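Comments concern the structure below.
Computed from heavy atoms alone, side chains included, the values below leave out hydrogens, waters and symmetry copies. Here is how names work: the chains are called A, B, and so on, in the same order as the sequence lines, proteins then strands, and each is numbered from 1. Everything quoted here is computed from the prediction, not taken from an experiment.
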Number of protein chains: 2
Amino acid sequence: MVKRAGSGYKMRKRSANKAASKAAIIEVAIDLFWENGYNGTSLRDIAEACGFEAANLYNYFRSKEQLLYEAMQEELERFLELLEPVASDSRGAPVERLKRIIEIHVERMLVIGRRYKMMYDSEIRHLSPVHRKRIVALRDYYSELLFNIIEDGKKTGDFAADIDARFVVLIIASIIMRTVFWFSPKGRLSPAEIADMIYKIVLDGIRPRKQEVKARKK
Amino acid sequence: MVKRAGSGYKMRKRSANKAASKAAIIEVAIDLFWENGYNGTSLRDIAEACGFEAANLYNYFRSKEQLLYEAMQEELERFLELLEPVASDSRGAPVERLKRIIEIHVERMLVIGRRYKMMYDSEIRHLSPVHRKRIVALRDYYSELLFNIIEDGKKTGDFAADIDARFVVLIIASIIMRTVFWFSPKGRLSPAEIADMIYKIVLDGIRPRKQEVKARKK
DNA sequence: AAGCTTAATTAACAACTGTTAATTAGATTA
DNA sequence: TAATCTAATTAACAGTTGTTAATTAAGCTT
(Lines give C-alpha, C1' and ligand atoms only; values in the text may rest on other atoms or scores of the structure.)
Protein backbone atom coordinates (compact mmCIF):
# COMPACT_ATOMS: atom_id res chain seq x y z
CA MET A 1 0.00 0.00 0.00
CA VAL A 2 2.58 2.52 1.04
CA LYS A 3 6.22 2.60 0.04
CA ARG A 4 8.59 2.33 2.93
CA ALA A 5 12.18 3.49 3.18
CA GLY A 6 13.25 -0.12 3.50
CA SER A 7 15.64 0.00 6.36
CA GLY A 8 15.46 -2.17 9.49
CA TYR A 9 13.21 -5.17 9.44
CA LYS A 10 13.26 -7.44 12.44
CA MET A 11 15.34 -10.55 12.53
CA ARG A 12 13.18 -13.57 12.17
CA LYS A 13 13.20 -17.26 12.49
CA ARG A 14 11.36 -19.57 10.18
CA SER A 15 9.77 -22.74 11.39
CA ALA A 16 10.38 -25.72 9.20
CA ASN A 17 7.11 -27.59 9.22
CA LYS A 18 4.02 -25.56 8.53
CA ALA A 19 1.52 -28.08 9.84
CA ALA A 20 3.51 -28.37 13.03
CA SER A 21 3.57 -24.67 13.72
CA LYS A 22 -0.09 -24.44 12.92
CA ALA A 23 -0.75 -27.06 15.55
CA ALA A 24 1.44 -25.16 17.97
CA ILE A 25 -0.55 -21.99 17.38
CA ILE A 26 -3.75 -23.84 18.09
CA GLU A 27 -2.35 -25.08 21.38
CA VAL A 28 -1.48 -21.55 22.40
CA ALA A 29 -4.86 -20.26 21.31
CA ILE A 30 -6.76 -22.90 23.26
CA ASP A 31 -4.90 -21.92 26.38
CA LEU A 32 -5.66 -18.23 25.96
CA PHE A 33 -9.26 -18.75 24.95
CA TRP A 34 -9.70 -20.88 28.01
CA GLU A 35 -8.22 -18.30 30.31
CA ASN A 36 -9.71 -15.13 28.88
CA GLY A 37 -12.49 -16.25 26.61
CA TYR A 38 -12.79 -15.70 22.90
CA ASN A 39 -13.63 -12.03 23.06
CA GLY A 40 -11.11 -11.47 25.80
CA THR A 41 -8.28 -12.84 23.68
CA SER A 42 -6.95 -10.65 20.90
CA LEU A 43 -5.02 -11.90 17.94
CA ARG A 44 -2.14 -9.81 19.20
CA ASP A 45 -2.24 -11.75 22.47
CA ILE A 46 -2.02 -15.02 20.62
CA ALA A 47 0.70 -13.80 18.31
CA GLU A 48 2.76 -12.48 21.19
CA ALA A 49 2.49 -15.81 22.99
CA CYS A 50 3.67 -17.46 19.80
CA GLY A 51 6.58 -15.09 19.42
CA PHE A 52 5.57 -13.30 16.24
CA GLU A 53 3.38 -10.46 15.02
CA ALA A 54 -0.39 -10.60 14.71
CA ALA A 55 -0.56 -10.29 10.96
CA ASN A 56 1.37 -13.49 10.58
CA LEU A 57 -1.58 -15.47 11.89
CA TYR A 58 -3.25 -14.84 8.57
CA ASN A 59 -0.67 -17.03 6.92
CA TYR A 60 -2.25 -19.89 8.86
CA PHE A 61 -5.90 -19.02 9.38
CA ARG A 62 -8.39 -17.11 7.31
CA SER A 63 -9.85 -15.40 10.36
CA LYS A 64 -10.06 -15.46 14.12
CA GLU A 65 -13.24 -17.46 13.89
CA GLN A 66 -11.50 -20.06 11.77
CA LEU A 67 -8.83 -20.38 14.42
CA LEU A 68 -11.44 -20.97 17.10
CA TYR A 69 -13.18 -23.53 14.97
CA GLU A 70 -10.08 -25.51 14.19
CA ALA A 71 -9.09 -25.49 17.83
CA MET A 72 -12.43 -26.90 18.90
CA GLN A 73 -12.75 -29.35 16.10
CA GLU A 74 -9.34 -30.92 16.50
CA GLU A 75 -9.69 -31.37 20.22
CA LEU A 76 -13.18 -32.78 20.01
CA GLU A 77 -12.29 -35.30 17.38
CA ARG A 78 -9.26 -36.47 19.30
CA PHE A 79 -11.54 -36.95 22.26
CA LEU A 80 -14.16 -38.92 20.39
CA GLU A 81 -11.56 -41.21 18.86
CA LEU A 82 -10.51 -42.07 22.37
CA LEU A 83 -14.03 -42.79 23.50
CA GLU A 84 -15.36 -44.65 20.53
CA PRO A 85 -13.81 -48.09 21.01
CA VAL A 86 -14.83 -48.25 24.65
CA ALA A 87 -18.32 -46.96 24.14
CA SER A 88 -19.32 -49.22 21.33
CA ASP A 89 -17.72 -52.38 22.63
CA SER A 90 -20.97 -54.28 22.76
CA ARG A 91 -19.38 -57.21 24.53
CA GLY A 92 -18.50 -55.24 27.65
CA ALA A 93 -21.03 -54.98 30.44
CA PRO A 94 -22.89 -51.64 30.34
CA VAL A 95 -21.86 -50.87 33.90
CA GLU A 96 -18.22 -51.32 33.03
CA ARG A 97 -18.50 -49.33 29.84
CA LEU A 98 -20.16 -46.50 31.69
CA LYS A 99 -17.42 -46.54 34.27
CA ARG A 100 -14.74 -46.37 31.62
CA ILE A 101 -16.43 -43.57 29.71
CA ILE A 102 -16.64 -41.46 32.82
CA GLU A 103 -13.02 -42.19 33.62
CA ILE A 104 -11.80 -41.21 30.20
CA HIS A 105 -13.90 -38.10 30.02
CA VAL A 106 -12.89 -36.86 33.45
CA GLU A 107 -9.27 -37.67 32.81
CA ARG A 108 -9.29 -35.86 29.52
CA MET A 109 -11.09 -32.95 31.11
CA LEU A 110 -8.77 -32.52 34.03
CA VAL A 111 -5.38 -33.81 33.13
CA ILE A 112 -4.81 -33.57 29.45
CA GLY A 113 -7.21 -30.96 28.31
CA ARG A 114 -8.05 -28.76 31.24
CA ARG A 115 -8.10 -26.01 28.69
CA TYR A 116 -10.56 -27.22 26.12
CA LYS A 117 -13.72 -26.80 28.05
CA MET A 118 -15.87 -23.75 27.72
CA MET A 119 -15.25 -24.17 24.07
CA TYR A 120 -18.05 -26.61 23.99
CA ASP A 121 -20.77 -24.42 25.32
CA SER A 122 -20.55 -20.70 25.80
CA GLU A 123 -17.86 -20.04 23.22
CA ILE A 124 -19.76 -21.94 20.60
CA ARG A 125 -21.75 -18.83 19.82
CA HIS A 126 -18.73 -17.20 18.23
CA LEU A 127 -18.70 -19.76 15.49
CA SER A 128 -20.29 -19.18 12.15
CA PRO A 129 -23.53 -21.11 11.63
CA VAL A 130 -21.83 -23.69 9.46
CA HIS A 131 -19.00 -24.30 11.88
CA ARG A 132 -21.37 -24.32 14.81
CA LYS A 133 -23.40 -27.06 13.24
CA ARG A 134 -20.34 -29.23 12.80
CA ILE A 135 -19.20 -28.83 16.38
CA VAL A 136 -22.66 -29.50 17.71
CA ALA A 137 -22.79 -32.61 15.59
CA LEU A 138 -19.62 -33.91 17.19
CA ARG A 139 -20.99 -33.13 20.60
CA ASP A 140 -24.20 -34.93 19.79
CA TYR A 141 -22.19 -37.92 18.75
CA TYR A 142 -20.78 -38.08 22.25
CA SER A 143 -24.30 -38.02 23.66
CA GLU A 144 -25.21 -40.82 21.33
CA LEU A 145 -22.40 -43.03 22.58
CA LEU A 146 -23.46 -42.49 26.15
CA PHE A 147 -27.10 -42.93 25.31
CA ASN A 148 -26.51 -46.33 23.80
CA ILE A 149 -24.72 -47.53 26.88
CA ILE A 150 -27.63 -46.52 29.06
CA GLU A 151 -30.14 -48.16 26.78
CA ASP A 152 -28.08 -51.34 26.66
CA GLY A 153 -28.01 -51.34 30.42
CA LYS A 154 -31.75 -51.01 30.63
CA LYS A 155 -32.11 -54.08 28.44
CA THR A 156 -29.71 -56.18 30.47
CA GLY A 157 -31.35 -55.04 33.68
CA ASP A 158 -28.22 -53.31 34.94
CA PHE A 159 -30.05 -50.00 34.97
CA ALA A 160 -33.60 -49.33 36.04
CA ALA A 161 -36.04 -49.75 33.18
CA ASP A 162 -37.95 -46.59 33.92
CA ILE A 163 -35.11 -44.08 33.76
CA ASP A 164 -34.97 -41.51 31.00
CA ALA A 165 -31.78 -42.25 29.10
CA ARG A 166 -31.61 -38.86 27.36
CA PHE A 167 -31.90 -37.17 30.68
CA VAL A 168 -29.24 -39.29 32.31
CA VAL A 169 -26.84 -38.46 29.52
CA LEU A 170 -27.34 -34.78 30.19
CA ILE A 171 -26.80 -35.28 33.89
CA ILE A 172 -23.55 -37.15 33.45
CA ALA A 173 -22.17 -34.71 30.92
CA SER A 174 -23.15 -31.81 33.13
CA ILE A 175 -21.30 -33.16 36.11
CA ILE A 176 -18.15 -33.88 34.17
CA MET A 177 -18.16 -30.60 32.26
CA ARG A 178 -18.15 -28.64 35.44
CA THR A 179 -15.38 -30.54 37.18
CA VAL A 180 -12.97 -28.33 35.39
CA PHE A 181 -14.25 -25.31 37.29
CA TRP A 182 -13.62 -26.59 40.76
CA PHE A 183 -10.89 -29.15 40.26
CA SER A 184 -7.50 -28.32 41.69
CA PRO A 185 -4.48 -30.51 40.98
CA LYS A 186 -3.35 -29.89 44.54
CA GLY A 187 -6.74 -30.77 45.98
CA ARG A 188 -7.53 -33.86 47.99
CA LEU A 189 -9.09 -35.71 45.06
CA SER A 190 -7.32 -37.12 42.03
CA PRO A 191 -9.04 -37.27 38.67
CA ALA A 192 -9.38 -41.02 39.02
CA GLU A 193 -11.01 -40.66 42.41
CA ILE A 194 -13.35 -38.01 41.10
CA ALA A 195 -14.36 -40.24 38.23
CA ASP A 196 -15.03 -43.07 40.62
CA MET A 197 -17.18 -40.95 42.89
CA ILE A 198 -19.20 -39.61 40.00
CA TYR A 199 -19.73 -43.12 38.76
CA LYS A 200 -20.93 -44.33 42.13
CA ILE A 201 -23.36 -41.50 42.68
CA VAL A 202 -24.82 -41.84 39.23
CA LEU A 203 -25.24 -45.51 39.80
CA ASP A 204 -26.61 -45.64 43.33
CA GLY A 205 -27.34 -42.11 44.47
CA ILE A 206 -26.80 -40.86 47.97
CA ARG A 207 -29.49 -42.81 49.75
CA PRO A 208 -28.32 -45.78 51.76
CA ARG A 209 -29.03 -49.06 50.02
CA LYS A 210 -31.47 -51.15 51.89
CA GLN A 211 -29.68 -54.32 52.89
CA GLU A 212 -28.38 -56.06 49.82
CA VAL A 213 -29.80 -59.41 48.96
CA LYS A 214 -26.57 -61.22 48.48
CA ALA A 215 -27.99 -64.39 47.14
CA ARG A 216 -29.29 -62.61 44.07
CA LYS A 217 -25.87 -61.55 43.01
CA LYS A 218 -24.96 -63.31 39.84
CA MET B 1 -13.98 20.57 26.97
CA VAL B 2 -14.95 22.15 23.69
CA LYS B 3 -17.48 24.89 23.08
CA ARG B 4 -20.30 23.87 20.81
CA ALA B 5 -22.55 26.00 18.68
CA GLY B 6 -25.51 24.95 20.80
CA SER B 7 -28.10 24.15 18.22
CA GLY B 8 -30.05 20.91 18.05
CA TYR B 9 -29.96 18.63 21.05
CA LYS B 10 -32.08 15.53 21.00
CA MET B 11 -35.47 15.40 22.59
CA ARG B 12 -35.35 13.43 25.74
CA LYS B 13 -37.52 11.83 28.31
CA ARG B 14 -36.75 11.79 31.96
CA SER B 15 -37.58 8.84 34.16
CA ALA B 16 -39.08 9.77 37.46
CA ASN B 17 -37.56 7.31 39.90
CA LYS B 18 -33.82 6.91 39.78
CA ALA B 19 -33.66 3.66 41.71
CA ALA B 20 -36.29 2.18 39.43
CA SER B 21 -34.49 3.05 36.24
CA LYS B 22 -31.26 1.76 37.70
CA ALA B 23 -32.97 -1.55 38.34
CA ALA B 24 -34.31 -1.50 34.79
CA ILE B 25 -30.83 -0.96 33.40
CA ILE B 26 -29.56 -3.92 35.39
CA GLU B 27 -32.28 -6.10 33.94
CA VAL B 28 -31.31 -5.11 30.44
CA ALA B 29 -27.64 -5.64 31.19
CA ILE B 30 -28.19 -9.12 32.59
CA ASP B 31 -29.99 -10.11 29.44
CA LEU B 32 -27.24 -8.85 27.19
CA PHE B 33 -24.41 -10.24 29.29
CA TRP B 34 -26.15 -13.56 29.22
CA GLU B 35 -26.54 -13.54 25.49
CA ASN B 36 -23.20 -12.11 24.42
CA GLY B 37 -20.99 -12.33 27.46
CA TYR B 38 -19.37 -9.49 29.31
CA ASN B 39 -16.73 -8.72 26.74
CA GLY B 40 -19.17 -9.21 23.94
CA THR B 41 -21.50 -6.57 25.31
CA SER B 42 -20.51 -2.94 24.90
CA LEU B 43 -21.87 -0.11 26.96
CA ARG B 44 -23.32 1.26 23.77
CA ASP B 45 -25.27 -1.96 23.32
CA ILE B 46 -26.72 -1.65 26.78
CA ALA B 47 -27.50 2.01 26.36
CA GLU B 48 -29.20 1.42 23.05
CA ALA B 49 -31.37 -1.29 24.54
CA CYS B 50 -32.30 1.15 27.28
CA GLY B 51 -33.11 3.86 24.81
CA PHE B 52 -30.43 6.39 25.65
CA GLU B 53 -26.78 7.17 24.96
CA ALA B 54 -23.83 5.31 26.42
CA ALA B 55 -22.45 8.17 28.46
CA ASN B 56 -25.65 8.32 30.46
CA LEU B 57 -24.82 5.02 32.07
CA TYR B 58 -22.21 6.85 34.09
CA ASN B 59 -24.98 8.69 35.89
CA TYR B 60 -25.88 5.32 37.37
CA PHE B 61 -22.69 3.27 37.56
CA ARG B 62 -19.09 4.20 38.14
CA SER B 63 -17.89 1.72 35.53
CA LYS B 64 -18.85 -1.25 33.44
CA GLU B 65 -17.39 -3.53 36.05
CA GLN B 66 -19.58 -1.96 38.71
CA LEU B 67 -22.60 -2.62 36.56
CA LEU B 68 -21.69 -6.27 36.22
CA TYR B 69 -21.10 -6.55 39.93
CA GLU B 70 -24.40 -5.00 40.91
CA ALA B 71 -26.23 -7.22 38.46
CA MET B 72 -24.69 -10.35 39.92
CA GLN B 73 -24.97 -9.30 43.51
CA GLU B 74 -28.60 -8.33 43.41
CA GLU B 75 -29.69 -11.49 41.66
CA LEU B 76 -27.67 -13.75 43.92
CA GLU B 77 -28.95 -12.18 47.10
CA ARG B 78 -32.53 -12.42 45.95
CA PHE B 79 -31.88 -16.08 45.26
CA LEU B 80 -30.36 -16.81 48.64
CA GLU B 81 -33.18 -15.07 50.46
CA LEU B 82 -35.53 -17.46 48.75
CA LEU B 83 -33.50 -20.50 49.71
CA GLU B 84 -32.57 -19.65 53.25
CA PRO B 85 -35.83 -20.43 55.10
CA VAL B 86 -36.20 -23.78 53.39
CA ALA B 87 -32.60 -24.84 53.77
CA SER B 88 -32.22 -24.08 57.42
CA ASP B 89 -35.57 -25.32 58.57
CA SER B 90 -34.11 -27.89 60.91
CA ARG B 91 -37.48 -29.43 61.61
CA GLY B 92 -38.05 -30.58 58.04
CA ALA B 93 -36.77 -33.97 56.97
CA PRO B 94 -33.46 -33.69 55.07
CA VAL B 95 -34.92 -35.54 52.12
CA GLU B 96 -37.74 -33.07 51.85
CA ARG B 97 -35.49 -30.08 52.29
CA LEU B 98 -33.18 -31.35 49.59
CA LYS B 99 -36.12 -31.83 47.28
CA ARG B 100 -37.33 -28.30 47.89
CA ILE B 101 -33.91 -26.77 47.42
CA ILE B 102 -33.52 -28.46 44.08
CA GLU B 103 -36.99 -27.36 43.06
CA ILE B 104 -36.38 -23.74 43.95
CA HIS B 105 -32.99 -23.64 42.33
CA VAL B 106 -34.12 -25.22 39.09
CA GLU B 107 -37.21 -23.07 38.95
CA ARG B 108 -35.20 -19.92 39.52
CA MET B 109 -32.68 -21.06 36.97
CA LEU B 110 -35.12 -21.83 34.23
CA VAL B 111 -38.21 -19.77 34.68
CA ILE B 112 -37.42 -16.58 36.43
CA GLY B 113 -33.77 -16.13 35.84
CA ARG B 114 -32.77 -18.01 32.77
CA ARG B 115 -30.43 -15.15 32.17
CA TYR B 116 -28.42 -14.93 35.35
CA LYS B 117 -26.31 -17.97 34.92
CA MET B 118 -22.85 -17.75 33.51
CA MET B 119 -22.50 -14.81 35.77
CA TYR B 120 -21.62 -17.16 38.50
CA ASP B 121 -18.70 -18.84 36.91
CA SER B 122 -16.96 -17.73 33.77
CA GLU B 123 -17.93 -14.07 33.93
CA ILE B 124 -16.72 -13.81 37.48
CA ARG B 125 -13.22 -13.15 36.24
CA HIS B 126 -14.20 -9.72 35.01
CA LEU B 127 -14.86 -8.55 38.53
CA SER B 128 -12.31 -6.66 40.54
CA PRO B 129 -10.69 -8.75 43.28
CA VAL B 130 -12.82 -7.13 45.96
CA HIS B 131 -16.07 -7.68 44.13
CA ARG B 132 -15.08 -11.17 43.15
CA LYS B 133 -14.54 -12.08 46.77
CA ARG B 134 -17.99 -10.91 47.70
CA ILE B 135 -19.73 -12.83 44.95
CA VAL B 136 -17.76 -15.96 45.73
CA ALA B 137 -18.74 -15.56 49.36
CA LEU B 138 -22.39 -15.55 48.40
CA ARG B 139 -21.90 -18.58 46.24
CA ASP B 140 -20.12 -20.35 49.06
CA TYR B 141 -23.03 -19.58 51.30
CA TYR B 142 -25.25 -21.51 48.95
CA SER B 143 -22.89 -24.47 49.15
CA GLU B 144 -23.02 -24.24 52.89
CA LEU B 145 -26.80 -24.46 52.97
CA LEU B 146 -26.74 -27.52 50.80
CA PHE B 147 -23.87 -29.04 52.72
CA ASN B 148 -25.76 -28.80 55.99
CA ILE B 149 -28.73 -30.59 54.57
CA ILE B 150 -26.56 -33.46 53.41
CA GLU B 151 -24.81 -33.70 56.74
CA ASP B 152 -28.12 -33.63 58.58
CA GLY B 153 -29.32 -36.43 56.36
CA LYS B 154 -26.29 -38.51 57.13
CA LYS B 155 -27.01 -38.18 60.84
CA THR B 156 -30.64 -39.15 60.49
CA GLY B 157 -29.73 -42.06 58.27
CA ASP B 158 -31.58 -40.68 55.28
CA PHE B 159 -28.35 -40.50 53.32
CA ALA B 160 -25.54 -43.01 53.27
CA ALA B 161 -23.02 -42.33 55.99
CA ASP B 162 -20.01 -42.80 53.77
CA ILE B 163 -20.79 -40.21 51.09
CA ASP B 164 -18.67 -37.12 50.72
CA ALA B 165 -21.00 -34.21 51.41
CA ARG B 166 -18.74 -31.58 49.83
CA PHE B 167 -18.61 -33.61 46.68
CA VAL B 168 -22.33 -34.18 46.56
CA VAL B 169 -22.89 -30.45 46.84
CA LEU B 170 -20.70 -29.91 43.81
CA ILE B 171 -22.52 -32.57 41.87
CA ILE B 172 -25.94 -31.15 42.56
CA ALA B 173 -24.92 -27.59 41.77
CA SER B 174 -23.23 -28.76 38.58
CA ILE B 175 -26.32 -30.47 37.33
CA ILE B 176 -28.59 -27.54 38.03
CA MET B 177 -26.22 -24.93 36.67
CA ARG B 178 -26.11 -26.62 33.33
CA THR B 179 -29.83 -27.11 32.93
CA VAL B 180 -29.94 -23.63 31.57
CA PHE B 181 -27.86 -24.66 28.59
CA TRP B 182 -30.11 -27.41 27.33
CA PHE B 183 -33.49 -26.46 28.72
CA SER B 184 -36.10 -25.39 26.23
CA PRO B 185 -39.46 -24.01 27.35
CA LYS B 186 -41.06 -25.84 24.48
CA GLY B 187 -39.34 -29.10 25.33
CA ARG B 188 -41.02 -32.17 26.73
CA LEU B 189 -39.94 -31.50 30.31
CA SER B 190 -41.19 -28.76 32.59
CA PRO B 191 -38.89 -27.22 35.19
CA ALA B 192 -40.81 -29.01 37.92
CA GLU B 193 -40.35 -32.33 36.17
CA ILE B 194 -36.68 -31.66 35.66
CA ALA B 195 -36.26 -30.84 39.32
CA ASP B 196 -37.99 -34.05 40.26
CA MET B 197 -35.83 -36.16 37.99
CA ILE B 198 -32.66 -34.60 39.28
CA TYR B 199 -33.80 -35.23 42.80
CA LYS B 200 -34.54 -38.85 42.11
CA ILE B 201 -31.28 -39.59 40.41
CA VAL B 202 -29.26 -37.89 43.09
CA LEU B 203 -31.12 -39.89 45.66
CA ASP B 204 -31.18 -43.33 44.12
CA GLY B 205 -29.03 -43.33 41.03
CA ILE B 206 -29.85 -45.23 37.89
CA ARG B 207 -29.36 -48.76 39.14
CA PRO B 208 -32.51 -50.70 39.87
CA ARG B 209 -33.20 -50.97 43.55
CA LYS B 210 -33.05 -54.47 44.83
CA GLN B 211 -36.51 -55.32 46.08
CA GLU B 212 -37.52 -52.92 48.79
CA VAL B 213 -38.04 -54.27 52.24
CA LYS B 214 -41.42 -52.82 52.86
CA ALA B 215 -41.64 -53.68 56.49
CA ARG B 216 -38.80 -51.32 57.30
CA LYS B 217 -40.67 -48.33 56.04
CA LYS B 218 -41.41 -46.05 58.91
C1' DA C 1 25.41 -18.03 -6.93
C1' DA C 2 20.67 -17.18 -8.67
C1' DG C 3 15.89 -17.90 -8.25
C1' DC C 4 11.79 -19.35 -5.98
C1' DT C 5 8.85 -20.12 -2.31
C1' DT C 6 6.93 -18.74 1.88
C1' DA C 7 6.94 -17.42 6.71
C1' DA C 8 7.76 -13.52 8.69
C1' DT C 9 7.71 -8.37 8.88
C1' DT C 10 5.98 -3.15 9.08
C1' DA C 11 2.35 -0.02 8.42
C1' DA C 12 -2.00 1.31 8.10
C1' DC C 13 -7.21 0.94 7.99
C1' DA C 14 -11.78 1.72 9.91
C1' DA C 15 -14.48 0.47 13.44
C1' DC C 16 -15.17 0.01 18.12
C1' DT C 17 -13.96 0.20 23.19
C1' DG C 18 -14.66 2.37 28.11
C1' DT C 19 -14.59 6.77 29.87
C1' DT C 20 -14.65 11.89 30.71
C1' DA C 21 -15.98 16.87 30.18
C1' DA C 22 -19.02 20.16 29.11
C1' DT C 23 -23.57 21.27 27.98
C1' DT C 24 -28.64 21.10 27.69
C1' DA C 25 -33.47 20.29 28.63
C1' DG C 26 -37.25 18.44 31.55
C1' DA C 27 -39.36 18.42 35.82
C1' DT C 28 -39.74 19.99 40.61
C1' DT C 29 -39.48 23.37 43.86
C1' DA C 30 -39.28 28.21 45.69
C1' DT D 1 -42.34 32.88 36.93
C1' DA D 2 -37.64 32.03 38.31
C1' DA D 3 -34.30 29.02 40.35
C1' DT D 4 -32.66 24.55 41.12
C1' DC D 5 -31.73 19.92 40.38
C1' DT D 6 -30.50 16.17 37.62
C1' DA D 7 -31.14 12.86 33.82
C1' DA D 8 -30.10 13.20 29.53
C1' DT D 9 -27.26 14.91 25.65
C1' DT D 10 -23.05 15.79 22.21
C1' DA D 11 -18.27 15.48 21.46
C1' DA D 12 -14.03 13.89 22.04
C1' DC D 13 -10.21 11.03 24.11
C1' DA D 14 -6.78 7.40 23.81
C1' DG D 15 -6.45 2.77 23.25
C1' DT D 16 -7.66 -1.65 21.10
C1' DT D 17 -9.71 -4.64 17.74
C1' DG D 18 -9.68 -7.80 13.36
C1' DT D 19 -7.90 -7.46 8.98
C1' DT D 20 -5.35 -6.18 4.66
C1' DA D 21 -1.49 -4.69 1.55
C1' DA D 22 3.01 -4.36 0.58
C1' DT D 23 7.53 -5.69 1.70
C1' DT D 24 11.40 -8.42 3.39
C1' DA D 25 14.37 -12.19 4.68
C1' DA D 26 15.24 -17.00 5.38
C1' DG D 27 15.84 -21.53 3.53
C1' DC D 28 15.43 -24.74 -0.32
C1' DT D 29 16.14 -25.99 -5.05
C1' DT D 30 18.47 -25.66 -9.12
Worksheet item: Considering only C:dA8, D:dA8, C:dG18, which nucleotide approaches the side chain of A:Asn56 most closely?
Response: C:dA8
Worksheet item: In whole angstroms, how far is the P atom of D:dG18 from the CG atom of A:Leu68?
Response: 12 Å
Worksheet entry | Atom pair distance, as rounded to whole Å: CG in A:Asn59 and P in D:dT19 | 14 Å
Worksheet item: Closest to the B:Phe52 side chain: D:dT9, C:dA8, C:dT9?
Response: D:dT9
Fill in: Phosphate OP1/OP2 of D:dT17 contacted by A:Ser42 side-chain N/O (<4.0 Å)
yes
Practice prompt. Report the C-alpha distance between A:Ile201 and B:Val202 in whole Å, list the side-chain angles of each, state the deciding distance to 0.1 Å, and finish with yes or no for side chain to side chain contact (heavy atoms under 4.5 Å, CB included).
Written response: CA-CA 7 Å; A:Ile201 286 193; B:Val202 168; 5.6 Å; no
Worksheet entry | Closest to the A:Lys64 side chain, choosing from D:dT20, D:dT19, D:dT9 | D:dT19
Item to complete: Compute whether any side-chain donor of one residue and acceptor of the other, for A:Asp140 and A:Ser143, lie under 3.5 angstrom apart.
Response: no
Discussion item. Just the rounded figure in Å: distance from C1' of D:dG18 to CD of A:Gln66.
Written reply: 15 Å
Fill in: Listed nucleotide nearest any side-chain atom of B:Tyr58, set C:dT20, D:dT19, D:dA8
C:dT20
Worksheet, complete the sentence: note: B:Phe33, atom CZ; C:dG18, atom C1'; distance rounded to Å ~ 12 Å
Worksheet item: Can you list the residues that meet the side-chain hydrogen bond (donor to acceptor under 3.5 Å, both in side chains) rule with B:Glu48, with sequence neighbours excluded?
Response: none
Worksheet item: Any idea how B:Tyr142 and B:His105 line up, ring-wise: parallel (<30°), tilted (30 to 60°), or perpendicular (>60°)?
Response: perpendicular
Discussion item. Please report the distance, rounded to the nearest Å, between CD1 in B:Ile46 and P in C:dC16.
Written reply: 16 Å
Worksheet item: Could you state the CG-C1' distance from B:Asn39 to C:dT17, rounded to the nearest angstrom?
Response: 10 Å
Discussion item. Using whole Å, what does the distance between atom P of nucleotide D:dG18 and atom CG of A:Asp45 come to?
Written reply: 8 Å
Item to complete: Quickly work out the A:Glu53 CD to D:dG18 P distance and round it to whole Å.
Response: 14 Å
Item to complete: State which of C:dA7, D:dT19, D:dA8 makes the closest approach to the side chain of A:Arg44.
Response: D:dT19
Worksheet item: Where the side chain of A:Ser63 is concerned, which of C:dT9, C:dA21, D:dT19 is the nearest nucleotide?
Response: D:dT19
Worksheet entry | Heavy-atom closest contact (B:Lys64 atom, B:Leu43 atom, distance) | CG-CD2, 3.7 Å
Worksheet item: Counting just side-chain N and O atoms, does B:Lys18 come under 4.0 Å of either OP1 or OP2 of D:dA7?
Response: yes
